[in-house]
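Here the structure comes first, spelled out in structure tokens, and everything after it is commentary.
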Amino acid sequence: MTLSIVVPCYNEEGSVLLFYEKITEILATSMETWEITPEFIFVDDGSVDSTAATLKNLAAKDSRVRYIIFSRNFGKEAALLAGLKKALRGGGGELIITMDADLQDPPALIPPMLQAVDSGKFDCAGSRRITRKGEPPVRSFFARSFYRLMKKISDIEIVDNARDFRLMNRAYLDAVLLLDERNRFSKGIFPWVGFRVKWFEYENIQRVTGETKWSFWRLFLYSLDGIIAFSSKPLAIASLLGVIIFTLSFLFIAFIIIRKIIFGDPVDGWASTICAILFCSGIQLFTTGILGQYLAKTYTEVKRRPHYIIREEL
Ligand code: UDP
Ligand code: MG
């Protein structure tokens, strides 16, 4: 059975070799039990350091190593997609693993994950962090809030702190690749396809070298992508706000008419008029903004640009 290990790499010159060694070591022990032929699929996501050169060297030494080099940075989601598609093209891809290059995904979990999927009881083995040790508290707080919000507003079953460290069988991969959207949000796409998933939990591990590529702002935008891709509730909220304000304004009009009949019409109320105008225009901008977000995403979808451009591959 072939096992394709798909690894997105962006400026990982320090981690790639460490990763390769560690995984080879783990596989050497589990291969006997499962008769597995592993292959590495590294995707260089437009790194500006020597990651690409390192990958080529590695491929020259070990024929199990294949790579894709992007023409520029297209983001982790694109890199994952390219790797997954390559796993299929190569004729292998009976079992597929996606892992980060920085060894934050514990390789020791691979054998139990293999066992879960190989037994036929599960189609996918997923992993989630049960702690966020070593992470800035503000980031953890926002991450928790994001998961809470996502659970409320989306129809899919989003698992807390799920990582992009998964082992899946061919049927599962085929299903994932059916989702050909440009606005890719793995945390939503994988649960969306369903199947039988076994979850493995582990404590957070710091990356071996280098630093995280996800700034707070990038994560924030990514979470907005996720919300827009997997929920249309914000649009419903916009309409609901409209209905509420419409009803309130009717009540207010009735109040003004009655006041006029009973007390006459003293000309005052500049302050309340301004407040009402500001309030309503604020709500209008807010809801148009929500609409705009969906429109923008629709725009990128209809352009149907490729997810990524490959400069070189092996
Ligand atoms: N990555 C990538 N393209 C990017 C950003 C990240 O391919 O634009 C890769 C990166 O090399 C790593 C994985 O995605 O293998 C996870 O990135 P990182 O470790 O920076 O994220 P974190 O673990 O902090 O969430
Ligand atoms: Mg990492």
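First listed ligand is number 1; within each ligand, the first listed atom is number 1.
For atom 24 (O) of ligand 1, the closest heavy atom belonging to the protein is T212 OG1, 2.6 Å. Annotation: atom 20 (O) of ligand 1 to nearest protein heavy atom, K213 N, 2.7 Å. Scanning the protein for heavy atoms near atom 1 (N) of ligand 1, the closest one is Y10 CB, 3.7 Å. In this structure, the protein non-hydrogen atom closest to atom 16 (C) of ligand 1 is D100 OD2, 3.2 Å. In this structure, the protein non-hydrogen atom closest to atom 12 (C) of ligand 1 is E12 OE2, 3.3 Å. Here the protein heavy atom with the shortest distance to atom 14 (O) of ligand 1 is K76 CD, 3.2 Å. Looking only at heavy atoms of the protein, atom 18 (P) of ligand 1 is closest to R207 NH2, 3.4 Å. Regarding atom 25 (O) of ligand 1, its nearest protein heavy-atom neighbour is W214 CD1, 3.9 Å.
Aromatic rings of F42 and Y67 (six-membered ring for Trp) have centroids beyond the 6.0 Å cut-off, not under it. Taking the six-membered ring where the residue is Trp, the centroids of F122 and F195 are separated by 6.0 Å or more. Taking the centre of each ring, F250 and F246 come in below the 6.0 Å mark.
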Name each donor-acceptor pair under 3.5 Å that joins a side chain in residues 286-293 to protein atoms two or more places apart or in another chain, with its distance.
unit_1, atom_1, unit_2, atom_2, d
T287, OG1, I283, O, 2.9
T287, OG1, Q284, O, 3.0
T288, OG1, Q284, O, 2.4

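Set against the non-hydrogen atoms of D102, the atoms of ligand 1 under 4.0 Å away are 19 (O), 23 (O). Atoms of ligand 1 lying under 4.0 Å from any heavy atom of A101, numbered from 1 in the order shown and given with element: 15 (O). Of all atoms in ligand 1, listed by their number and element, those nearer than 4.0 Å to a heavy atom of D45 are 2 (C), 3 (N), 4 (C), 7 (O), 8 (O). Remark: ligand 1 atoms within the under-4.0 Å shell around heavy atoms of C9 are 7 (O), 11 (O). Near Q104, meaning under 4.0 Å from any of its heavy atoms, are these atoms of ligand 1: 19 (O), 22 (P), 23 (O).
Residue-ligand proximity: R163 is placed with a non-hydrogen atom under 4.0 Å from ligand 1. At least one heavy atom of R218 sits closer than 4.0 Å to an atom of ligand 1.
Partners of D105 according to the salt bridge (Lys or Arg N to Asp or Glu O under 4.0 Å) rule, which considers only residues two or more places apart in sequence or in another chain, are R163.
Aromatic ring pairs are classed by plane angle as parallel below 30°, tilted from 30° to 60° and perpendicular above 60°; the pair F185 and Y222 is tilted.
Between R129 and E201 no salt bridge is recorded (no basic side-chain N to carboxylate O distance below 4.0 Å). Ion pair D164/K187 not flagged as a salt bridge, since none of the NZ, NE, NH1 or NH2 atoms sits closer than 4.0 Å to an Asp/Glu carboxylate oxygen. Ion pair E77/R182 not flagged as a salt bridge, since none of the NZ, NE, NH1 or NH2 atoms sits closer than 4.0 Å to an Asp/Glu carboxylate oxygen.
A donor-acceptor pair is defined here as one N or O able to donate and one able to accept, closer than 3.5 Å; such a pair exists between the side chain of S154 and the backbone of M150.
Here the N, O or S atom of D102 that is nearest to the Mg ion (ligand 2) is OD2.
In V7, neither the side chain nor the backbone holds a heavy atom less than 4.0 Å from any atom of ligand 1.
Taking only nitrogen or oxygen atoms, main chain and side chain alike, G75 does not reach within less than 3.5 Å of ligand 1. In terms of polar-atom proximity, defined here as any N/O pair under 3.5 Å, P8 does make such a contact with ligand 1.
Note that the CE atom of M113 and the OG atom of S127 stand 4.5 Å from one another [nearest 0.5 Å].
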Self-check item: Test side chain to side chain contact (heavy atoms under 4.5 Å, CB included) applied to M99 and I23, step by step
Solution: CA-CA 11 Å; M99 280 181 98; I23 301 294; 3.8 Å; yes
